[in-house]
Amino acid sequence: MKVEEKIASAVIEIIKDNFGQVVAPELVTITKTRKEFEGDFTLVVFPFVKIARRSPEQTAEIIGGSLVKEVEEVIGYNVIKGFLNLTLAPEFWLDFLKKEMNNTNFGFQPERKENPVVVEYSSPNTNKPLHLGHIRNNLLGWSVSRILQAAGSTVKKVNLVNDRGIHICKSMLAWMKYGEGETPESSGKKGDKLVGDYYVKFETELRKQVDQLVKKQGLAPEEARRSAPLMQEAQELLRKWELRDPDTIAVWEKMNGWVYEGFDQTYKRLGVDFDKIYFESDTYLLGKKLVKEGLEKGFFFQKEDGSVWADLSDFKLDEKLLLRADGTSVYMTQDIGTAQLRYDDFQPGKMVYVVGNEQNYHFDVLKKVLKKLEKPYAGLLHHLSYGMVELPEGKMKSREGTVVDADDLMDEMVETARKTTEELGKTQDIGEQEKKHLYHIIGLGALKYFILKVDPKKNMLFNPAESIDFNGNTGPFIQYTHARIRSILRKAGQQRVEGIMPSIEASKLNVKEKNLLKTLYDFPAVVMEASEELSPAQIANYIYELCKEFNQFYHDYSVLNEPDKDISEFRIRLSQLTARTVKNGMELLGIEVPEKM
RNA sequence: GGUUCCGUAGCUCAACUGGAUAGAGCAACAGCCUUCUAAGCUGUAGGUUCCAGGUUCGAGUCCUGGCGGAAUCACCA
C-alpha cells in the first residue's frame, strides 16, 4: 500500500475517534506539498471542520498530532491555514530508491488478465497521403495503446482502412481517364503520393465542369457539382465496384496496393504498428446485414424510396440514414459492421476510437444506433476525440495547398536535427551509422513530443515557419538529459552502477536530491492517471518536470567527483533511476532516448 | 439558427479534476563553461485566467447569462 493511502485511511480513523463521524474517502484529499512549504504531503482539512466543530487550525493540529503517532512514516507536521503539511522520515525516500533502483520496469504494471482494450487509430483513406493531422492521430493512438498496456491492460491496436467509397472512385476515375498507365515505378513517386495526385486531378477537372455548368446553364453550384459528368461517372464507378465488376476491382486493387506500400513506409518511419488491419471493403457488407436485421426487427424504418433510417428522437437526435435508396452503404453502415466484427474478434472490455473531434456527432449517433440494435457492446465504445492541428492561417486545406505532408515534415525534422547537432559540434566520436540513427530519433523525438505534450482534446497550433524548437520544453531537451545521465553512468562503470545501495544517513539528503526522489516516486501514479485519462500529455509533462528536477541537481552537485564515497554511490543510483524513468516514460510516447548526443 | 467543444503572460502550452501567492518554455534583458555533455543552469520583466452574476470555507476549474473562436447538424468519410 502506498503511504498516501495509508495516511488517508489513518485520517478517517482519527476523525472517527476524535469527532465521532465516518467521512467518505473522497473527502480526504492528500496532495504533494508545494515547494514553498515544508513537508512532503499535504492534507486539506477544510472538509472536516464542520464535523470537528473547531477552527481549521485546531482541526489540523489534532489530526497532525495523531498521524505522527499512528503512521510510522510520518515524523512531523506543520499547519498553515487549513492545510496540514506532513513530513515523512527521510528513510522513506531512501527505501523507495533502494526498492526500485534495479527495476527496469519501474512505473509499469504487470498485465492483468482481462478482456482486451481495442484501440483503433490511424484509419486513413486510400485516396490521399498522410498529413500532419494523421500524425497526431497515429501518435496519440500508438501512445495511448502503450500507456494502457503499461497500466496493465491487454491492448489490441487496430487500423480501419477506408479503402472504398466515392472518394476512392474519384482518384481511380482520374487515373483511368488521365493517367496513361502511370505507376510508382514509371514516375518514381511514392504510391500514396501518386494516387493523391489523381484525387487532386479529379477535383480540378470537376471544378472546370462545374464552372461551365454554372456559367452556361445557370445551375446552382451544388446542383452543378451533383450533375457534372465526372461526378456521375464516379458514382457509376462506385456502383460497378459494389457489383464486383472485374475491371473496376482490378484497378482498385492495383491503386490501393500502391497506397499501402506508401503508407507502410510512413508508418514504419513514424514508429507505429498494428495488431490487425481492417478494411472497410470487408466490413461494409456485415454492416448492411446488421442494418437489414435491424429493419426486420423494427428497430429502423424504411422510406418510400427504399432508404433505411434510424429514428433517434428518443435520444434527442434526429433521423439518421443507414442505407441509401440504391442499397449502397454509408459511413455509418460500415462502422456498425466494424464494431460487430471487432467485438467478435476480441471480446473487448472496451473499444477506443481515436478519431478527430469533427466526428463527435457521428460517434454519438453510432452509440445510439448500436443501442437501438440492442448490441451488448454499445456501451463499450469510447471515442477518444482529439482536437485539430491548425496552422497560423487556420485549418489545413488540401484545396489551398496548405497541407503539411507527413513525409516532408519528418524529413525536415531529421534535417534540423542534423544541422543542430553539427552546429553544436557533437558529432566527433559518433560513427556514420550511429549518426543517422541519432538524427532520426532526435528529429522524430522533437516532433512526437511537440504533438503529444498537448492535451489531446485541445486544438493545437503548428507553425511551419518557426519549425519545432529543440530547447526548453521539448523532446530533444529530455533526450539530452538522458544522454548526460548515461554519460555519468558509463564513466562510473558497471560495477559501481550495479553495486549495492550504500547506507547513507538519511539526514544528509539535500533538497535537490529529495525533490528528485519525490518526483520519481510519482511516476507509477502518473502512468495510471494517464491511462485513465487516455492522455499522453500527462506523461510528457511529467517527464519534463523530472528532467528539470534532475538538471538542477546536476548543476548543483557532482555525482562522480563527490568526495564522500557513499554519497557518490547514492547519487549514481539516483541518476540511474532517473535515466530509467525518463527512458520508460519516453517509451510510452514512442520516443527513443540516445546514449550520447 | 440548434448542439458540442474551446477562451490562461506578446507566442506555444501547464495547473495533481474544487485547494495555499495561477506555473513552464519560447521571444526580451542580465548572469554562469579550467569542474560528470551549456540542446544546460540562475535571475529580471511579463496576468483583472474573455466579461457579468451565482454556488461555498475556497472558483482558471462547477452553474446561469453574455462576447469571441472552432467543429458539427449531408443519400461525404
Side-chain angles (χ1 to χ4, degrees), chain A residues 29-34 36-37 42 44-47 49-50 56 80-83 85 123 125 127 162 164-168 226 280 305 307 309 316-318 320-326 328-332 334-335 356-362 364-365 385 387-388 390 392 394-395 417 420-421 423-424 426 442 446 450 453-455 457-463 466 469-481 483-492 522 525-526 529 533 537-538 540-542 544-545 547-548 551-552 554-562 571 575 596-597:
Chain A
T29 49
I30 293 172
T31 58
K32 282 173 73 183
T33 304
R34 306 190 114 203
E36 50 284 23
F37 303 104
T42 295
V44 184
V45 299
F46 288 112
V49 296
K50 261 189 201 148
I80 297 171
K81 296 200 266 178
F83 298 92
N85 300 322
S123 313
N125 293 342
N127 63 333
N162 248 297
R164 56 159 305 255
I166 188 71
H167 53 294
I168 311 296
R226 253 199 303 277
E280 281 193 0
D305 63 359
S307 56
W309 296 73
K316 290 182 184 165
L317 296 170
D318 50 2
K320 189 75 193 172
L321 177 84
L322 300 175
L323 275 182
R324 295 192 185 99
D326 65 2
T328 55
S329 61
V330 291
Y331 185 39
M332 189 62 67
Q334 291 153 184
D335 264 359
N357 61 14
E358 57 201 351
Q359 294 191 30
N360 286 352
Y361 178 71
H362 171 78
D364 269 358
V365 172
S385 159
M388 299 290 98
E390 285 167 358
K395 212 185 162 189
T420 309
T421 308
E423 273 165 24
L424 290 168
K426 299 198 172 191
I442 294 175
F450 179 83
K453 78 170 180 192
V454 181
D455 184 344
K457 67 168 186 275
K458 290 195 177 174
N459 287 359
M460 61 177 293
L461 191 115
F462 174 78
N463 188 343
E466 289 174 10
D469 220 307
F470 281 25
N471 298 312
N473 187 359
T474 66
F477 165 83
I478 290 162
Q479 292 171 317
Y480 176 70
T481 306
R484 275 163 83 168
I485 303 175
R486 292 300 305 162
S487 174
I488 294 173
L489 297 176
R490 268 196 308 279
K491 286 184 177 144
D522 286 337
V526 171
E529 183 70 22
E533 303 287 324
Q538 303 208 2
N541 288 320
Y542 166 81
Y544 174 61
E545 197 184 318
C547 286
K548 275 205 311 186
N551 283 330
Q552 285 178 29
Y554 178 93
H555 181 265
D556 291 356
Y557 303 97
S558 181
V559 175
L560 300 175
N561 299 328
E562 164 60 41
R571 287 183 185 159
S575 304
K596 298 176 195 170
M597 73 182 270

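Naming: A, B, ... by sequence-line order, numbering from 1 per chain.
- Mapped onto RNA chain B by nearest heavy atom, A:I488 and A:I80 fall at different nucleotides, with A:I80 at the one closer to the 5' end.
- Distance CG (A:D455) to C1' (B:A14): 10 Å, rounded to an integer number of Å.
- Listed by chain and residue number, A:R571 satisfy the salt bridge (charged side-chain N to carboxylate O under 4.0 Å, His left out) test with A:E562 (two or more places apart in sequence, or in another chain).
- Among the heavy atoms of the strands lying under 4.0 Å from A:V454 are primed sugar atoms or P, OP1, OP2 only; no base atom is included.
- Under the stacking criterion of a centre-to-centre distance below 5.5 angstrom and an interplanar angle below 30°, A:F83 sits stacked against the six-membered ring of B:A20.
- With sequence neighbours excluded, the residues satisfying side-chain hydrogen bond (donor to acceptor under 3.5 Å, both in side chains) with A:T33 are A:T42.
- As rounded to whole Å, 9 Å separates atom P of B:G40 from atom CE of A:M597.
- In this structure, A:F462 and A:F450 have perpendicular ring planes: the angle between them is above 60°, well past the 30° mark.
- Backbone-only engagement by A:F477 is indicated by non-hydrogen atom pairs under 4.0 Å involving sugar-phosphate atoms exclusively.
- Under 4.0 angstrom from either OP1 or OP2 of B:U37 there lies no side-chain N or O belonging to A:K426.
- Annotation: side chain of A:Q479 is not in contact with side chain of A:F470 (no heavy-atom distance under 4.5 Å).
- Residue A:L424 is in base contact, counting any heavy-atom pair closer than 4.0 Å across all strands shown.
- When the side chain to side chain contact (heavy atoms under 4.5 Å, CB included) test is applied to A:N125, the partners found at least two apart in sequence or on another chain are A:N127, A:N162, A:H167.
- When heavy atoms are screened at a 4.0 angstrom cut-off, A:Q479 is found touching no nucleic acid atom at all.
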Let's go through A:M388 and A:N357 carefully: what are the C-alpha distance in whole Å and the side-chain angles of both, what is the deciding distance for side-chain contact (heavy atoms from CB on, under 4.5 Å) to 0.1 Å, and is it a yes or a no?
CA-CA 7 Å; A:M388 299 290 98; A:N357 61 14; 3.7 Å; yes
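- Base orientation of B:U17: syn, the glycosidic angle falling within 90° of 0.
- Contact check, A:S487 against B:U37: a side-chain N or O comes under 4.0 Å of OP1 or OP2.
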Dump every N/O contact between nucleotides 23-27 of chain B and the protein below 3.5 Å, one line per pair.
residue: B:A24; atom: O2'; partner: A:Y544; partner atom: OH; Å: 2.6
residue: B:G25; atom: O2'; partner: A:N473; partner atom: N; Å: 3.4

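- In textbook terms, a nucleotide whose glycosidic angle is within 90° of 0 is syn, while B:C50, being further out, is anti.
- Between A:D556 atom CG and B:C41 atom P the separation is 11 Å, expressed in whole Å.
- Of the P atoms belonging to B:A38 and B:G58, the separation is 50 Å, rounded to the nearest Å.
- A:F462 comes within 4.0 angstrom of no nucleic acid atom, judged by non-hydrogen atoms across all strands.
- With sequence neighbours excluded, the residues forming a side chain to side chain contact (heavy atoms under 4.5 Å, CB included) with A:T29 are A:V44, listed by chain and number.
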How does protein reach along nucleotides 69-77 of chain B, written 5' to 3' as B (base within reach of a heavy atom under 4.0 Å), S (only sugar-phosphate), or - (no contact)?
-SSSS-BSB
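- In this structure, the side chains of A:K491 and A:V559 stay at 4.5 Å or more apart for every pair of heavy atoms.
- Figure legend. B:U56 is base-paired to no nucleotide; pairs are counted as Watson-Crick or G-U wobble with both atom distances under 3.5 Å.
- Atom pair A:K453:NZ and B:U12:C1' shows a separation of 6 Å (rounding to whole Å applied).
- Atom CZ in A:F37 sits roughly 15 Å away from atom P in B:G19 (whole-Å rounding).
- Comparing B:C41, B:A14, B:U12 by their nearest atom to the side chain of A:N551 picks out B:C41.
- Every residue was checked against the side-chain hydrogen bond (donor to acceptor under 3.5 Å, both in side chains) condition with A:N471, not counting sequence neighbours, and none meets it.
- In this structure, A:K81 does not reach the B:G19 phosphate: none of its side-chain N or O atoms is under 4.0 Å from OP1 or OP2.
- Base pairing annotation: B:A28 forms a Watson-Crick or G-U wobble pair with B:U44, both donor-acceptor distances under 3.5 Å.
- Donor-acceptor pairing under 3.5 Å, judged by distance alone, is absent between the side chain of A:T481 and the base of B:A39.
- Counting any heavy atom pair closer than 4.0 Å across all strands shown, A:N127 reaches no nucleic acid atom.
- With sequence neighbours excluded, the residues satisfying side chain to side chain contact (heavy atoms under 4.5 Å, CB included) with A:K426 are A:T421, A:L424, A:Y480.
- Summarising the base pairing, B:U49 is matched to no nucleotide, lacking a Watson-Crick or G-U wobble pair whose two defining distances lie under 3.5 Å.
- Base engagement by A:I442 is indicated by at least one non-hydrogen atom pair under 4.0 Å involving a base atom.
- Residue-level contact check: A:T421 touches the bases, meaning some heavy atom is under 4.0 Å from a base atom.
- Heavy-atom nearest nucleotides on RNA chain B were determined for A:A417 and for A:N561, and the one closer to the 5' end corresponds to A:N561.
- Across all strands shown, B:A20 forms no Watson-Crick or G-U wobble pair with both distances under 3.5 Å.
- Residue ring and base: A:Y554 does not count as stacked with B:G40 (centre distance below 5.5 Å and interplanar angle below 30° not both satisfied).
- Not counting sequence neighbours, the partners of A:S329 by the side chain to side chain contact (heavy atoms under 4.5 Å, CB included) test are A:R164, A:E242, A:Y284, A:K288, A:L323, A:T333, A:Q334.
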Identify all pairs in which a protein N or O lies below 3.5 Å from an N or O of nucleotides 54-60 of chain B, and state each distance.
none

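- Contact between A:I485 and A:S575 at its shortest, heavy atoms only, is CG2-O, 3.2 Å.
- Under the side-chain hydrogen bond (donor to acceptor under 3.5 Å, both in side chains) criterion, A:E390 pairs with A:N459, sequence neighbours left out.
- When the P atom is compared between B:C41 and B:U48, the two are found 29 Å apart, to the nearest whole Å.
- Nucleotide B:U72 has B:G2 as its partner under the Watson-Crick or G-U criteria, with both atom distances under 3.5 Å.
- Annotation: side-chain hydrogen bond (donor to acceptor under 3.5 Å, both in side chains) contacts of A:Q552 (sequence neighbours excluded): A:K512.
- When every heavy atom of A:S385 is checked against every heavy atom of A:G356, the shortest pair comes out as OG-C, 4.5 Å.
- The distance between atom CG of A:L489 and atom P of B:U37, rounded to the nearest whole Å, is 11 Å.
- Distance check on atom C1': B:G68 versus B:C50 gives 7 Å, rounded to whole Å.
- In this structure B:A9 sits in no base pair that meets the Watson-Crick or G-U test at under 3.5 Å.
- Comparing B:G23 with B:G54, their P atoms sit 27 Å apart, to the nearest whole Å.
- Remark: A:K457 NZ is loosely packed, at most 12 non-hydrogen atoms of other residues, nucleotides or ligands lying under 6.0 Å away.
- Whole-Å rounding puts the A:F450 CZ to B:A39 C1' distance at 17 Å.
- Residue A:S575 is classed as having no contact, given no heavy-atom separation below 4.0 Å to the nucleic acid.
- Remark: C1' of B:U37 and CZ of A:F470 are 17 Å apart, rounded to the nearest angstrom.
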